[in-house]
Asks: 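A single structure is presented below for examination.
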Amino acid sequence: MPEEKKDELVHLTIDDIPVEVPPGTLVWAAAQKAGIEIPIYCYHPKMPPLGACRMCFVEIEKVPKPPQTACTTPVSEGMIVRTNTDKVIKARKGTLEFLLINHPLDCPICDKGGECDLQDFTLRHGPGGTRFDLHKRHYPKPIPISDRVMLDRERCILCQRCTRFSSEISMDNGLVMISRGYKMEVGTAPDHAFDSIFSGNTVEMCPVGALTATAYRFKARPWELKRIPSICNNCSVGCNARIDVRVDKIMRLMSRTNDAIDDGWLCDRGRWGFEFVNSPQRLRTPLIRHDDKLEPTTWDQAFYLIASQFRNIAGRHGAKAIGGIGSTRTTNEEAYLFQKLLREVIGTPNIDHHHGYFPGPRDPLTGRPWMMTNSIADIEKASHIVLIASDPYQRQPILNLRIKKAMKAGAQIYIINEGETELDRFAVSKIAVPQNGAGMAAKILLKQVLNGELDNPHQYEDLRTKIQGEDEGIRASEEASGLETTTQLQHLAETIAGSKGAIILYDEMATLAPGCADLAADLQALAFITGNVNRSGSGVGPLVEDANSLGARDMGLLPDALPGYQPVKEKGMSYNEMLSSPDIRALYIMGANPARHVEKLPSNLEFLVVQDIILTETARQANVVLPAVTFAEKDGSMTNVDHHVQAIRHALRPLPGARADWEILTALARSLGQKWNYNSPQEVLLGIAATNPFYAGLTWEGLGAQGVRTQEQEVAHA
């Protein structure tokens, strides 16, 4: 919470403890700040108060008809609150007695047992016995309300957290309250499935065991679990997560609130998409190809073969005959060591990874690297949000929730896309463009702004000349799209120019589509010209693909840039060039699977090394396969879509036989004659901080529990 000025705070007393909080704070939150527990069921800090469960009773002096609900009552100056009077205690006991009338006493088999609010509050605030001597209500159980979520209706206490999440946060109305009175229960709307990509949040926020996850049901008890703070590895948002482990196996992922990034939520892909870590298909030993068959070998033999083959190929064809393709899912430290090994040890400039198309390491207009100029939290402050060729619901789901939160605060959403997206129903304007038409739509937007009123009409002559040179293509696109679409785009351009703050986001991979080579540059120019860079609630940038796509770029996994986007002496081959060039005789691929993107690898390839966790399509063609470990088995840092650098911490012991990528790279460098002496990722991070201006001063301890956003450092050093 930001520091408030003294005269802006409200002063009150709770159980004789003086408390100072900002105006509008609820009594419950004020008590929490003072370290006083007020039990709650229906209240959730990310949703509007409801006051349905009647558990958070308190007495407030001079307020008639006590007790009051602490979760719906805002503080006022001089307020005196009592949380443990006889009336409060009696009211809480009465509430709990009613909740327990039909609640089953099946704690020994309930998945919530050991972390159940009803258990805890009954022990601390409830009656010691019951006066109810009739039969409890029973329902058929459990009901599968989706493939991932089960409902035990008799356990439900009707707090409505789950249904309010569906209506207030995800806005998909996946869960609703059915019937009224004593027949009320949670369910799905008629003819509607609970197919939300955010369904797991309802399981986590359920205060009892009414909603349970099929992936975790009957698998473990909370007291058996080891809990490790980490981050989700499934998309570029970098949501904070807690990995719950039992006997070196991941049981579940839970949310770990970081308001600057995830706002306290996880999508289902992040929550349950960890099967690859526990997969029996994991590689456990290095493999070498003999007689067209991959056979197990030792690490020493694998390193010896790789080193000798790289020396042999470099001696016959030169070091430039070797290329390296890095990963968008390995850590910053590993990406840094990978390019360092290729450039400094092997001596090749051919280094890249699979990414979108950006014209050079930096945007020439702003001098910045190609990344979001705004933060994720800035989305909430925007007056207009423009999504071009992107669908956050499918690609970066938690950003979808942030956009909806912004919309509730008054933001207007505009969507330019060739297909349908989940956010279409909330858009002020959905502008349908032809297939691969996003690039031309961006040019129409830019042309309209350049033709409009500018503070200095002689500015941006080079851009105006460029657009004029493309005028024939733009006119043809306008005719193909139709008058209505063109008019919509022109109106949107004027709206962006006149907005209080517009955020323009596009999908990184859309830049690879035909006709979209200028998509990033045109949208960056659009935002810059309209003043939507470097001010609150505005920005522009790509929604990058994977967990560490931005970190890979920062660390120099590029043919035309060193770490920190510093210039190279000699430009190397790009990702596609390495996969098609007859001059490439050896490839070292770490954590990537280019066989998914090309029909076949180059026929002239003499030697292929693949470093991965499973036998991918690319690994099956390799001469040497090196088994690596997952994000859950190592330490390191990753950089998310808005340049938050965050720590991942090992939750499991490494799979026997496999090694962390940084360990493999260090050992291989030694086999190639280098005296690398890195003993941990923390030491590698210090090397990054010393050489990469965007990570200057960064330390492992400095990352803390919730990471550090280094955007300000980037601007200062750029």
Side-chain angles (χ1 to χ4, degrees), residues 26-28 31-32 36-44 47-60 63-73 81-143 151-165 175-187 202-203 205-212:
L26 298 173
V27 169
W28 177 86
Q32 187 182 45
I36 299 169
E37 181 194 60
I38 298 178
I40 53 170
Y41 288 127
C42 68
Y43 177 73
H44 191 281
M47 296 188 292
L50 181 66
C53 71
R54 320 308 288 176
M55 189 65 200
C56 62
F57 283 130
V58 294
E59 270 199 83
I60 302 174
V63 175
K65 296 183 179 179
Q68 306 293 321
T69 49
C71 79
T72 62
T73 306
V81 181
R82 305 286 181 185
T83 70
N84 55 4
T85 65
D86 290 341
K87 286 183 178 179
V88 168
I89 293 170
K90 182 179 179 181
R92 287 180 187 163
K93 284 184 177 181
T95 296
L96 283 166
E97 189 171 18
F98 274 113
L99 290 177
L100 291 168
I101 282 177
N102 280 304
H103 193 88
L105 298 178
D106 61 351
C107 302
I109 63 167
C110 178
D111 274 306
K112 202 74 172 183
E115 53 187 8
C116 171
D117 290 343
L118 187 59
Q119 274 186 329
D120 295 342
F121 293 156
T122 298
L123 178 65
R124 294 200 290 270
H125 305 283
T130 179
R131 292 175 287 172
F132 186 74
D133 58 2
L134 302 175
H135 291 292
K136 291 180 179 286
R137 182 168 54 195
H138 294 283
Y139 293 105
K141 58 179 289 185
I143 297 174
L151 171 63
D152 289 275
R153 288 176 291 173
E154 69 272 34
R155 292 178 185 163
C156 180
I157 61 172
L158 302 179
C159 69
Q160 301 179 49
R161 279 188 182 183
C162 59
T163 58
R164 286 188 295 137
F165 174 85
L175 293 179
V176 296
M177 300 306 299
I178 299 173
S179 299
R180 292 291 182 267
Y182 76 95
K183 291 185 177 181
M184 182 181 284
E185 61 183 67
V186 171
T202 65
V203 175
M205 66 169 47
C206 180
V208 291
L211 294 172
T212 53

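As the structure is a computational prediction, the values presented were derived from the model and not from experiment. Basis for what follows: all heavy atoms, side chains included, without hydrogens, waters or symmetry-related copies.
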Asks: For the backbone of Gly114 and the side chain of Gln119, can you confirm whether one donor and one acceptor N or O come within less than 3.5 Å of each other?
Replies: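 Looks like yes, one N/O pair under 3.5 Å.
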Asks: Can you name the nearest heavy-atom pair linking Cys56 to Cys71, along with the distance?
Replies: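 Here Cys56 and Cys71 meet closest at SG-N, 3.3 Å.
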Asks: So, for Gly51 and Cys42, which heavy atoms are closest and what is the spacing to 0.1 Å?
Replies: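 Closest approach of Gly51 to Cys42, heavy atoms only: N-SG, 3.7 Å.
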Asks: For Phe132, what residues pass the side-chain contact (heavy atoms from CB on, under 4.5 Å) criterion, not counting sequence neighbours?
Replies: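 Checked Phe132 against side-chain contact (heavy atoms from CB on, under 4.5 Å); matches are Ile101, Thr130, Leu134, Lys136.
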Asks: Please round to the nearest 0.5 Å and tell me the distance separating atom CG of Leu151 and atom OH of Tyr139.
Replies: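 It is 10.0 Å, given to the nearest 0.5 Å.
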Asks: How long is the straight-line distance from CG of Asp152 back to NE2 of His103, given to the nearest 0.5 Å?
Replies: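 If we round to the nearest 0.5 Å, His103:NE2 and Asp152:CG are 9.5 Å apart.
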Asks: Do you know the tightest heavy-atom contact between Cys156 and Val208?
Replies: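 Shortest heavy-atom separation between Cys156 and Val208 comes out as CA-CG2, 4.5 Å.
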Asks: Does Thr212 reach the main-chain N or O of Gly209 with its side chain, forming a donor-acceptor pair under 3.5 Å?
Replies: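 Looks like no, no N/O pair under 3.5 Å.
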Asks: Which atom names give the shortest non-hydrogen contact between Asp111 and Glu115, and what distance separates them?
Replies: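 Residues Asp111 and Glu115, closest heavy atoms: O-OE2, 4.2 Å.
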Asks: Of the non-hydrogen atoms in Pro66 and Lys87, which two are nearest, and what is the gap between them?
Replies: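 What the structure gives for the nearest pair is CG-NZ, 4.0 Å.
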Asks: Within this structure, what is the CD1-CG distance for the pair Ile157 and Asp117, rounded to the nearest 0.5 Å?
Replies: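 So the gap between those two atoms works out to 8.0 Å.
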Asks: Mind checking whether Leu158 and Leu99 have side chains closer than 4.5 Å, heavy atoms only?
Replies: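 They are not in side-chain contact.
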Asks: Check Arg180, Arg153, Arg137 against Glu185 for a salt bridge (charged side-chain N to carboxylate O under 4.0 Å, His left out) and give me the one that passes.
Replies: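 Result for salt bridge (charged side-chain N to carboxylate O under 4.0 Å, His left out) with Glu185: Arg153.
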Asks: Evaluate Arg92 against Ile38 for side-chain contact (heavy atoms from CB on, under 4.5 Å), listing each step before the verdict.
Replies: CA-CA 10 Å; Arg92 287 180 187 163; Ile38 298 178; 4.0 Å; yes
Asks: Can you confirm whether Phe57 sits close enough to His125 that some side-chain heavy atom of one is under 4.5 Å from a side-chain heavy atom of the other?
Replies: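 No, too far: nothing below the 4.5 Å cut-off.
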Asks: Taking the side chain as C-beta and beyond, is there a heavy-atom pair between Arg54 and Thr69 under 4.5 Å?
Replies: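 Yes. Closest side-chain heavy atoms under 4.5 Å.
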Asks: Let me confirm one number: the OH-CG distance from Tyr182 to Asn102, rounded to the nearest 0.5 Å.
Replies: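 Going from OH on Tyr182 over to CG on Asn102, the span is 11.0 Å.
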Asks: Please report the closest heavy-atom contact between Leu26 and Tyr43, naming both atoms and the distance.
Replies: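 In terms of heavy atoms, the two residues are closest at CD1-CE1, 3.6 Å.
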Asks: What distance separates Met47 CE from Arg164 CZ, expressed to the nearest 0.5 Å?
Replies: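 These two atoms lie 4.5 Å from each other.
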Asks: With side-chain contact (heavy atoms from CB on, under 4.5 Å) as the test, would you mind laying out the steps for Arg155 and Lys141 before giving the verdict?
Replies: CA-CA 10 Å; Arg155 292 178 185 163; Lys141 58 179 289 185; 3.6 Å; yes
Asks: For Gln68 and Thr73: C-alpha separation, side-chain torsions, deciding distance, then whether side chain to side chain donor-acceptor pair (under 3.5 Å) applies.
Replies: CA-CA 7 Å; Gln68 306 293 321; Thr73 306; 4.8 Å; no
Asks: Given side chains that start at C-beta, do those of Leu96 and Pro127 come closer than 4.5 Å, heavy atoms only?
Replies: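 Yes - at least one pair of side-chain heavy atoms lies under 4.5 Å apart.
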Asks: So, do Tyr41 and Leu118 sit near enough that their side-chain heavy atoms are less than 4.5 Å apart?
Replies: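 With C-beta onward as the side chain, the pair touches.
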Asks: Any heavy-atom pair between the side chains of Val186 and Met177 that's under 4.5 Å?
Replies: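 The answer is yes, as the side chains (C-beta and beyond) meet within the 4.5 Å cut-off.
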Asks: What's the separation between atom OG1 in Thr95 and atom NZ in Lys90, rounded to the nearest 0.5 Å?
Replies: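 It is 12.0 Å, given to the nearest 0.5 Å.
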Asks: Got a donor-acceptor contact below 3.5 angstrom from the Lys112 side chain to the Cys206 backbone?
Replies: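 Checked: pair present.
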